[in-house]
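Keep in mind it's a predicted model, so treat the numbers as computed, not measured. Side-chain atoms are counted along with the backbone in the values below, which use heavy atoms only and exclude waters and symmetry mates.
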Amino acid sequence: MNALLRPAATDGHRLVPMTTASLDAVVEIEQRAYAFPWTRGNFIDSLAAGYTAQLLINEQQQLLGYFVAMEGVDEMHLLNITIDPRFQGRGHASTLYRALHAHSLDLGAHKLWLEVRQSNLHAQQIYRHFGFEPVGVRKGYYPADLGQREDAVVMGLQLFRADRGLP
């Protein structure tokens, strides 16, 4: 399932499939970006399950970011999207999102789902910019400091084909 998506990157950037060989760099970014990062095992399990996992690489072969998404029946679930903190604020998340959106449509998905920490208002704002709407809360979904748990906001996006205006 982790096939190369149709090209969506620009300015010398390109998308390539995530592989086990790329996991050292992925985990390094994950640990820089999050207080509670995914583990190497989380990524290995995702690849073994055949989830869509893509890397965004620049012209100098630097890893800028990545995403992991799980296909469902008529839907796609974004599990992780991360931009290296050193490269944030440059539109790279938009590039990854557009690639995921196009890939989801290619697979026949009608809905794109994600969870985001309730405290991560910046990410929620970005997702709203892309058209996601909050649809619920998952209580205690994320680990938090001192052994606590944090709620997740569930957000969804109805996918439409631009050429037909229909899901």
Side-chain angles (χ1 to χ4, degrees), residues 1-72 75-109 112-117 119-132 142-143 145 150 152-153 155 157 159-163:
M1 171 60 87
N2 196 21
L4 182 62
L5 304 186
R6 69 171 116 144
T10 59
D11 298 329
H13 301 134
R14 60 191 172 90
L15 290 167
V16 298
M18 183 185 293
T19 65
T20 55
S22 59
L23 289 185
D24 287 344
V26 168
V27 170
E28 183 181 314
I29 290 172
E30 187 77 6
Q31 291 174 346
R32 271 199 308 273
Y34 301 114
F36 298 95
W38 273 26
T39 65
R40 182 182 195 85
N42 293 132
F43 288 104
I44 289 171
D45 290 347
S46 295
L47 293 175
Y51 297 166
T52 300
Q54 295 287 301
L55 309 174
L56 182 64
I57 307 291
N58 70 10
E59 56 278 357
Q60 289 83 31
Q61 304 306 308
Q62 292 174 297
L63 175 57
L64 303 175
Y66 48 87
F67 74 81
V68 177
M70 176 179 65
E71 183 181 355
E75 64 185 28
M76 186 69 82
H77 191 128
L78 178 60
L79 302 174
N80 186 325
I81 185 168
T82 303
I83 302 300
D84 186 323
R86 299 173 301 173
F87 300 108
Q88 290 178 356
R90 302 179 194 177
H92 302 313
S94 294
T95 299
L96 286 174
Y97 167 74
R98 284 190 307 272
L100 175 60
H101 188 274
H103 181 64
S104 298
L105 288 172
D106 288 347
L107 293 176
L112 185 54
W113 298 100
L114 61 84
E115 290 88 13
V116 59
R117 285 181 181 273
S119 63
N120 194 344
L121 300 178
H122 178 69
Q124 290 177 48
Q125 180 182 13
I126 291 169
Y127 294 133
R128 281 190 176 98
H129 170 77
F130 288 123
F132 284 87
Y142 289 109
D145 288 330
E150 181 176 354
V153 176
M155 300 183 83
L157 172 70
L159 298 174
F160 294 94
R161 294 202 70 90
D163 58 343

Original post:
Among Tyr127, Phe67, Phe130, which residue meets the ring pair (Phe, Tyr, Trp, His ring centres under 6.0 Å) test with Tyr97?
Top reply: Phe130
Over all atoms of both residues, closest heavy-atom pair of [X] and [Y]:
X: Pro85; Y: Ala33; answer: CG-CA, 3.8 Å
X: Leu63; Y: Phe87; answer: O-CE1, 4.2 Å
X: Val26; Y: Tyr66; answer: O-OH, 3.6 Å
X: Ala69; Y: Leu100; answer: CB-CD1, 3.7 Å
X: Glu150; Y: Ser119; answer: OE2-OG, 2.6 Å
X: Gln124; Y: Met155; answer: O-CE, 4.0 Å

[X] side, atom [atom1]; [Y] side, atom [atom2] - distance, nearest 0.5 Å:
X: Leu23; Y: Arg40; atom1: CG; atom2: CZ; result: 5.0 Å
X: Gln54; Y: Ser22; atom1: CD; atom2: OG; result: 10.0 Å
X: Arg90; Y: His13; atom1: CZ; atom2: NE2; result: 8.5 Å
X: Leu78; Y: His101; atom1: CG; atom2: NE2; result: 12.5 Å

Original post:
Using the ring of each side chain (for Trp, its six-membered ring), is Phe43 parallel, tilted or perpendicular to Trp38, with breaks at 30° and 60°?
Top reply: tilted
Subject >> Residues, nucleotides or ligands: over 12 heavy atoms within 6.0 Å of Gln125 CD >> reply: no
Any non-hydrogen side-chain atom of [X] less than 4.5 Å from a side-chain atom of [Y]?
X: Glu75; Y: Met70; value: no
X: Asn120; Y: Tyr142; value: no
X: Tyr34; Y: Ile29; value: no
X: Thr52; Y: Glu71; value: no
X: Met76; Y: His103; value: yes

Original post:
Does the Asp45 side chain pair with the main chain of Asn42, one donor and one acceptor, at a distance under 3.5 Å?
Top reply: no
**OP:** Output, in order, the C-alpha distance, side-chain angles, deciding distance and verdict of side chain to side chain contact (heavy atoms under 4.5 Å, CB included) for Leu96 and Leu64.
**Re:** CA-CA 10 Å; Leu96 286 174; Leu64 303 175; over 6 Å; no
Original post:
Do Asp84 and Gln62 have side-chain N/O donor and acceptor atoms under 3.5 Å apart?
Top reply: no
Original post:
Is it the case that Gln61 and Arg14 place a side-chain donor and acceptor less than 3.5 Å from each other?
Top reply: yes
Subject >> Criterion side chain to side chain contact (heavy atoms under 4.5 Å, CB included) on Glu30 and Thr39, from CA distance to verdict >> reply: CA-CA 8 Å; Glu30 187 77 6; Thr39 65; over 6 Å; no
Subject >> Test side chain to side chain contact (heavy atoms under 4.5 Å, CB included) applied to His77 and Glu115, step by step >> reply: CA-CA 9 Å; His77 191 128; Glu115 290 88 13; 2.8 Å; yes
**OP:** Any chance you could lay out the side chain to side chain contact (heavy atoms under 4.5 Å, CB included) test for Leu114 and Leu157, step after step, and finish with the verdict?
**Re:** CA-CA 9 Å; Leu114 61 84; Leu157 172 70; over 6 Å; no
